[in-house]
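Everything on this sheet refers to the single structure shown next.
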There are 2 protein chains.
Amino acid sequence: MKQGVDLLFHAFLDVFGQDEAALRAAKLGRAHRRALYFIARNPGVTVAGLLAILKITKQSLNRVLNDLLDGGFVERRAAPNDRRMRQLRLSPKGAQLETALWDAQRPKLVRAFREAGPDAVAGFRRVLSGLAPAEKRNRAIGSIP
Amino acid sequence: MKQGVDLLFHAFLDVFGQDEAALRAAKLGRAHRRALYFIARNPGVTVAGLLAILKITKQSLNRVLNDLLDGGFVERRAAPNDRRMRQLRLSPKGAQLETALWDAQRPKLVRAFREAGPDAVAGFRRVLSGLAPAEKRNRAIGSIP
DNA sequence: TAAATACGTCAGTATGTCTGACGTAAAAAC
DNA sequence: GTTTTTACGTCAGACATACTGACGTATTTA
């Protein structure tokens, strides 16, 4: 079982620990990359929703978010039904960056998934779904499905 | 595929992001916990070996390692065959802490693994093995198997 | 109108990590 | 047997990320 934890650690480093040139070019760090990724995954997610995903504090997110807003990577606007909430989505510029970042790490994932085979991938998902907290197994709270 | 990345992120947070009371009681942080874990997993690992696992710099590790040495959680001694290398292992006190930490997170893993079933676990390992860099798939360089 | 909610921000702090430079002991190369 | 390389330790300074706590604002709900 500990072997599984080892693997989880290394795989996570491999997927999320990369130091992309495209990121540094945009003067962004890994925290920005994660935010960007989950905004892309959950277009229209609210600030509270994103906080729940990233599990960081409002203050921590705000710094990152302001960088992304200042850089024009993310757009923020009031939710139509409740104007207290702010919905977040990628700008075209942000989407372009996200695509570039994703394309850079995609081959590794494709290869791993294909080499393992569909049954292994199904098992991979089942185990990780059991590990991740129940509320987070699907899309984020506050996102528009 | 991105769904798999989402899962990996949340599962990692769940497994490695915990803020154990036992850690704070020992005045240690998550970086110490990771070092402790991988020393426990690779008894006799060298400093360079541990660096390769954690993928941090020598200076970063040294601060963490010194805390662990000062606290009496880890023992360091020269390798018999090459006295330039230092082998790291847990002290009884360190092993005790590691066991306590592990026992705290174990139930979650046991449950996830059991609920998913052995085939799913096998798939989980296959996929993660494909994601993790090849050199790290087994035990660490510098460890005594 | 009053209270609660969702968010933004200011200020200060802790943690974890980095680069760069320098030093030491031991092994390997010559 | 001297020189070079290796493996590690350390000092100094910096940056990135995240935290706690307090306070302000707009908007919705009671």
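Each chain gets a letter, A, B and so on, in the order the sequences are listed, and its residues count up from 1.
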Using whole Å, report how far CG of Leu69(B) lies from C1' of dT10(D). 14 Å
Residue pairs fulfilling ring-ring contact (aromatic ring centres under 6.0 Å, His included) with at least one residue in residues 96-119 of chain B, sequence neighbours excluded: Phe113(B)-Phe124(B)
Which whole-number value in Å describes the distance from Leu88(B) CG to dG9(D) P? 8 Å
From CE of Met85(A) across to C1' of dC7(C) the rounded distance in Å is 11 Å
Indicate the atoms forming the closest heavy-atom contact of Val15(B) with Gln105(B), along with that distance. O-OE1, 2.9 Å
Do the side-chain N or O atoms of Arg83(B) get closer than 4.0 angstrom to the phosphate oxygens (OP1, OP2) of dA26(C)? yes
What's the verdict on salt bridge (charged side-chain N to carboxylate O under 4.0 Å, His left out) for Glu98(A) and Arg34(A), showing C-alpha distance, side-chain angles and the deciding distance? CA-CA 10 Å; Glu98(A) 220 293 306; Arg34(A) 288 196 296 276; over 6 Å; no
When Arg86(B) and Asp82(A) are each assigned the nearest nucleotide of DNA chain C, the 5'-most assignment goes to Asp82(A)
Rounded to whole Å, how long is the line connecting atom CG of Leu13(A) with atom P of dG16(C)? 15 Å
Hey, is the main chain of Glu75(A) close enough, under 3.5 Å, to the side chain of Ser91(A) for a donor-acceptor pair? no
Leu61(A) has an atom CG; how far is it from atom P of dT9(C), in whole Å? 11 Å
Integer-rounded Å distance: dC8(D) P and Gln87(B) CD: 10 Å
Presence of Arg76(A) side-chain N/O under 4.0 Å of dG8(C) phosphate oxygens OP1/OP2: yes
For the side chain of Arg84(B), starting at C-beta, report the closest nucleotide among dT10(D), dA25(C), dG8(C). dA25(C)
Can you sort out the partners of Ala100(A) under side-chain contact (heavy atoms from CB on, under 4.5 Å), two or more places apart, ordered by chain and number? none
Aromatic ring centroids of Tyr37(A) and Phe9(B) under 6.0 Å? no
Would the Phe12(B) and Phe16(A) ring centres measure less than 6.0 Å apart? no
For the pair made of CG in Leu50(B) and C1' in dG9(D), what is the distance, rounded to whole Å? 15 Å
Less than 4.0 angstrom between a side-chain N/O of Asn66(A) and OP1 or OP2 of dT9(C), yes or no? yes
Rounded distance (Å) that lies between atom C1' of dT10(D) and atom CG of Asp67(B): 14 Å
So if I define the base as every atom that isn't primed, P, OP1 or OP2, how would nucleotides 17-23 of chain D read as a B/S/- string at a heavy-atom cutoff under 4.0 Å? BBBBBB-
